[in-house]
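Here the structure is laid out as structure tokens; the discussion comes afterwards.
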Amino acid sequence: MRRCAALAGLLLLTGCAAGPSLETQGEVTAPPGDSKQLTIGSAGFTESDLLATMYALLLNRAGYKTSMLTVANRELYEPALESGQIDVVAEYAATFADWLNAKTNGADAPAVGSPDLKATMTALRKLAAPRGLTVLDPGRAVDQNAFAVTAAYARQHDLKTLSDLGRSGLEVRLAAGDECVQRPYCEPGLKKTYGIDITGVDPKGVGTTQAKRAVQNGQDQMVLTTTTDATLDEFGLVLLADDRHLQNADYIVPVVNRSRAGSEGVTGALDRLNDVLTTADLASMNEQVDSWRRLPEDVARTYLKDKGFLK
């Protein structure tokens with residue numbers, strides 16, 4: 001496996017063909033392909049690098065030659081996936097469904113991603129197929145928005161879930177992105193679904209060090225982060241369970257270019273990871289890279305060896 005971070009070729013994609021015509025929406029026009037040389041895409045952050053590396057190692061084990069291409073912008077890497085410059089990428093079901101929906105039906109189209117995984121996958125596959133993309137089955141790992149408080153605060157008020165926080169009647173200042181005041185999964189959803197008394201949003205970003213420190217020092221009571229956040233322990237934070245399923249089903253799904261990587265060989269290799277990889281596993285690997293400064297390839301290889309996939 002070799003890593004490639006060149007972006008120049010992708011900048012030419014605006015003039016490239018991008019999968020089947022959307023005039024034949026819903027039809028799959030290309031037979032499943034089985035190219036033996038595959039490019040695995042990464043979005044350039046730790047989790048994406050880890051997933052791309054594991055995909056590459058598993059495909060190597062299955063007899064494919066792989067290279068990796070890092071493209072941090074979905075506006076670039078998704079067309080590259082359609083055109084075949086990227087063959088495989090790890091995506092997030094609900095987020096990718098909504099992104100493709102907006103691309104297909106306009107920015108104001110009603111969202112199709114939801115907390116319902118089955119409905120989300122149905123919508124995602126319907127949107128992906130006309131673009132020559134196949135969405136493989138989701139695994140067990142999910143990277144959703146999540147909310148954390150300090151462990152001391154949770155113990156003091158006997159909090160394990162967001163419902164517990166709502167029932168407590170506590171006033172909560174939330175450290176999050178400034179868009180939180182409008183997003184249905186954030187302030188409006190916390191109030192409507194859980195009855196949490198959000199007194200204000202402190203615009204410090206999603207899961208940033210600054211946001212977590214604001215909760216750690218008591219300036220804020222809760223922070224918006226993700227279920228695979230690797231650094232919560234460092235700040236003395238714990239997640240409160242989303243027990244009423246406010247968050248969308250952002251399960252990790254491999255997406256492949258059907259005409260190059262739609263074969264049973266590719267599907268079988270990647271499905272092996274889906275069968276075992278959990279949210280906790282992914283959070284642990286993120287921590288090893290982000291906090292322990294281990295290389296993503298070393299962490300990914302060790303995990304796959306521990307699971308019996310590599311020698």
Would you find a donor on one side and an acceptor on the other, under 3.5 Å apart, between the side chain of Glu287 and the backbone of Trp292? no
Arg301 side chain to Pro296 main-chain N or O, any donor-acceptor pair under 3.5 Å? no
Is it true that a side-chain atom of Thr228 and a backbone atom of Ala283 form a donor plus acceptor pair closer than 3.5 Å? no
How long is the span from the CD1 atom in Ile198 to the CD atom in Glu187, to the nearest 0.5 Å? 6.5 Å
hydrophobic_cluster_shared for Met121 and Val89, side chain cutoff 4.5 Å: yes
The single option from Asp229, Asp220, Asn217 that satisfies side-chain hydrogen bond (donor to acceptor under 3.5 Å, both in side chains) with Lys212 is Asp229
Just how far is it from atom NZ of Lys36 to atom OG of Ser263, taken to the nearest 0.5 Å? 6.0 Å
Between the CD atom in Gln210 and the CG atom in Asp202, the distance rounded to the nearest 0.5 Å is 7.5 Å
Would you find a donor on one side and an acceptor on the other, under 3.5 Å apart, between the side chain of Thr278 and the backbone of Asp281? yes
Report the C-alpha separation of Ser163 and Arg244 in whole Å, then their side-chain angles, then the decisive distance to 0.1 Å, and conclude whether the side-chain hydrogen bond (donor to acceptor under 3.5 Å, both in side chains) test is met. CA-CA 8 Å; Ser163 288; Arg244 295 184 184 175; 3.0 Å; yes
Going by heavy atoms in the side chains, are Lys126 and Leu100 under 4.5 Å from each other? no
Counting distance only, does the side-chain N/O of Asp87 pair as donor-acceptor with the main-chain N or O of Asn257 below 3.5 Å? no
Got a second to check how far Ser114's OG is from Asn248's CG, nearest 0.5 Å? 6.0 Å
Would you give the length of the straight line joining atom NZ of Lys307 to atom CE of Met54, rounded to the nearest 0.5 angstrom? 11.0 Å
Backbone of Pro110 reached by a side-chain donor or acceptor of Asn101 within 3.5 Å: yes
Val88 and Ile252: same hydrophobic cluster, using ILVMFWY side-chain contacts below 4.5 Å? yes
Side chain of Thr279, backbone of Val142: donor and acceptor closer than 3.5 Å? yes
With a cut-off of 6.0 Å (strictly less than), are more than 12 heavy atoms of other residues, nucleotides or ligands near CD of Glu171? no
Please determine whether residues Leu69 and Leu81 belong to a single hydrophobic cluster, defined as Ile, Leu, Val, Met, Phe, Trp and Tyr linked transitively by side-chain heavy-atom distances below 4.5 Å. yes
If we ignore hydrogens and angles and just use 3.5 Å, is the side chain of Thr227 paired with the main-chain N or O of Gln144 as donor and acceptor? yes
Same cluster or not: Val253 versus Val112, using hydrophobic residues (I, L, V, M, F, W, Y) connected whenever any side-chain heavy atoms lie under 4.5 Å apart? yes
Heavy-atom side-chain contact between Met285 and Leu277 under 4.5 Å: yes
Is Lys103 salt-bridged to Glu75, going by a charged N under 4.0 Å from an acidic O? no
Is Arg167 salt-bridged to Asp164, cutoff N-O under 4.0 Å? yes
Is any side-chain heavy atom of Val238 closer than 4.5 Å to one of Val149? yes
Without hydrogens or angle criteria, can the side chains of Tyr251 and Asp143 be said to hold a donor-acceptor pair below 3.5 Å? no
What is the distance from atom CG of Asp116 to atom OG1 of Thr120, rounded to the nearest 0.5 Å? 6.0 Å
Single-linkage hydrophobic cluster, 4.5 Å side-chain cutoff, Phe45 and Leu295 together: no
Arg125 side-chain N/O to Val135 backbone N/O, donor-acceptor pair under 3.5 Å: yes
Is Gln288 reaching over with its side chain to a backbone N or O of Arg294, donor-acceptor style, under 3.5 angstrom? no
Knowing that exactly one of Leu190, Leu165, Thr225 qualifies, which makes a side-chain contact (heavy atoms from CB on, under 4.5 Å) with Phe147? Leu190
